[in-house]
Every structure is written in structure tokens, then in C-alpha cells.
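What follows is a set of notes on a single structure, which appears directly below.
The figures that follow rest on heavy atoms only: side chains count, while hydrogens, waters and symmetry mates do not.
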Amino acid sequence: MTELPEYRKSPEELARVQAARAMQERPAERQNLSGMQSRAPFWLVGLGYLLSLAFGLGLLVAGWIALAKPASRHHAALMTVLAVCTLLAWGLSVRHEERRLREEAAERLKESPPPESAELLGL
């Protein structure tokens, strides 16, 4: 525990003690925030989200933002998630459409078989 002082210090003495302590202490080093201040422009973030939702091309924008703009990495992560979900949905819809077209073609072949090659050539 600290000991109680024997006498009360005057305001001048207190100011001198505080100044001496301030000179002894080093100021806290500031963090280098210059890299963290680098944010992606609003239009680029908007374009990335739009491309992620529309075509899955937001992965290109998200990659650039993640590497070049450290303060906007959270946007890059969300763009990546949106782009991957968009590409998965697109892939599933293409697969479903392909399966539907195959079934439709098989039904048409059952209804009317294709003509012989001689009939096609008119021989």
C-alpha cells in the first residue's frame, strides 16, 4: 500500500511532480493505421456486390479488395460468399435444365422414332 504523505503539497508542487512524471513516461506509440485507412471506394464495393449476385464475377473484385484494401476485407468475404452461392445456384439450375431437356428428348423419340438415313437422303 502507499503511505500517506506527511504534509499536503501545494498546487505548484503537484504541477512540478506531474511534469516530472510526464517527462519520464514515454508516450504510447501510435499504431500504423495508414494501411488500415485504405478502404475500397464505394462504387467498387457496390460493383462487386452486383457482380457477385448477378454473374459470380465478384470473385475477381473480392480478390483485389482482399489483397489491396485491408480495411475492406469484410466486404471481400461477403462478396466471395455471395459469388459462390450464385455460382452454385447457377450450376444446379443448368443441371436441372439439362436433365429436363434429356427427358423431353427421350419422350419425343418414344413417340416418333427418327427416320432411317435412306429416307433422310431421299434414296
Side-chain angles (χ1 to χ4, degrees):
M1 281 182 79
T2 60
E3 295 178 15
L4 292 174
E6 292 181 17
Y7 67 96
R8 186 174 186 155
K9 294 184 179 179
S10 68
E12 294 83 20
E13 269 186 295
L14 285 175
R16 208 173 37 243
V17 169
Q18 286 176 347
R21 284 186 186 158
M23 295 298 266
Q24 289 175 356
E25 293 178 4
R26 290 184 181 175
E29 291 185 26
R30 299 182 122 200
Q31 288 180 333
N32 183 10
L33 296 177
S34 62
M36 293 304 289
Q37 298 290 338
S38 179
R39 295 178 186 254
F42 180 74
W43 63 268
L44 182 64
V45 172
L47 179 68
Y49 282 126
L50 184 66
L51 289 175
S52 294
L53 287 172
F55 311 109
L57 296 175
L59 287 173
L60 300 173
V61 177
W64 182 82
I65 288 175
L67 295 174
K69 305 291 183 179
S72 297
R73 285 187 183 146
H74 60 284
H75 289 294
L78 185 57
M79 282 180 214
T80 302
V81 169
L82 290 173
V84 167
C85 289
T86 301
L87 290 173
L88 285 173
W90 176 77
L92 289 174
S93 69
V94 166
R95 184 175 176 199
H96 176 72
E97 184 67 17
E98 182 182 335
R99 183 179 295 158
R100 188 187 65 79
L101 289 174
R102 280 187 189 162
E103 290 171 359
E104 194 176 289
E107 286 177 17
R108 270 195 256 148
L109 283 176
K110 286 179 185 176
E111 291 173 4
S112 61
E116 295 294 326
S117 58
E119 292 175 13
L120 287 175
L121 295 174
L123 300 177

### Task
Applying side-chain hydrogen bond (donor to acceptor under 3.5 Å, both in side chains), name anything that partners Glu107, two or more places apart in sequence or on another chain.
none
## Note on the structure
Those residues at least two apart in sequence (or on a different chain) that pass side-chain hydrogen bond (donor to acceptor under 3.5 Å, both in side chains) with Arg102 are Glu98
Return all side-chain donor-acceptor pairs below 3.5 angstrom for residues 51-58, not counting sequence neighbours, or 'none' if the list is empty.
| from | atom 1 | to | atom 2 | distance (Å) |
| --- | --- | --- | --- | --- |
| Ser52 | OG | Gly48 | O | 2.7 |
| Ser52 | OG | Met79 | O | 3.2 |

### Task
Over all heavy atoms of both residues, which pair between Leu59 and Leu87 is shortest? Give the atoms and the distance, please.
CD1-CD1, 4.1 Å
## Note on the structure
Heavy-atom closest pair (Ala76 atom, Ala62 atom, distance to 0.1 Å) is CB-O, 3.3 Å
When you group the ILVMFWY residues by side-chain heavy-atom contacts below 4.5 Å and let the links chain together, are [Y] and [X] in the same group?
| X | Y | result |
| --- | --- | --- |
| Leu67 | Val45 | no |
| Leu60 | Leu47 | no |
| Leu101 | Val94 | no |

### Task
Each residue besides Leu14 in its hydrophobic cluster should be listed here, by chain and number; the cluster joins Ile, Leu, Val, Met, Phe, Trp and Tyr at side-chain heavy-atom distances under 4.5 Å.
none
Side chain to side chain contact (heavy atoms under 4.5 Å, CB included) partners for [X], two or more places apart:
| X | answer |
| --- | --- |
| Pro11 | none |
| Arg95 | Arg99 |
| Leu78 | Tyr49, Leu82 |

#### Entry: Pairwise side chain to side chain donor-acceptor pair (under 3.5 Å) hits with a residue in residues 78-91, at least two apart
none
### Query
Can you pull the salt bridge (Lys or Arg N to Asp or Glu O under 4.0 Å) pairs that have at least one residue in residues 8-20, sequence neighbours excluded?
none
### Task
Verify side-chain contact (heavy atoms from CB on, under 4.5 Å) between Leu92 and His96, making sure each step is shown before the conclusion.
CA-CA 6 Å; Leu92 289 174; His96 176 72; over 6 Å; no
### Task
Please round to the nearest 0.5 Å and tell me the distance separating atom CZ of Phe42 and atom OG of Ser72.
12.0 Å
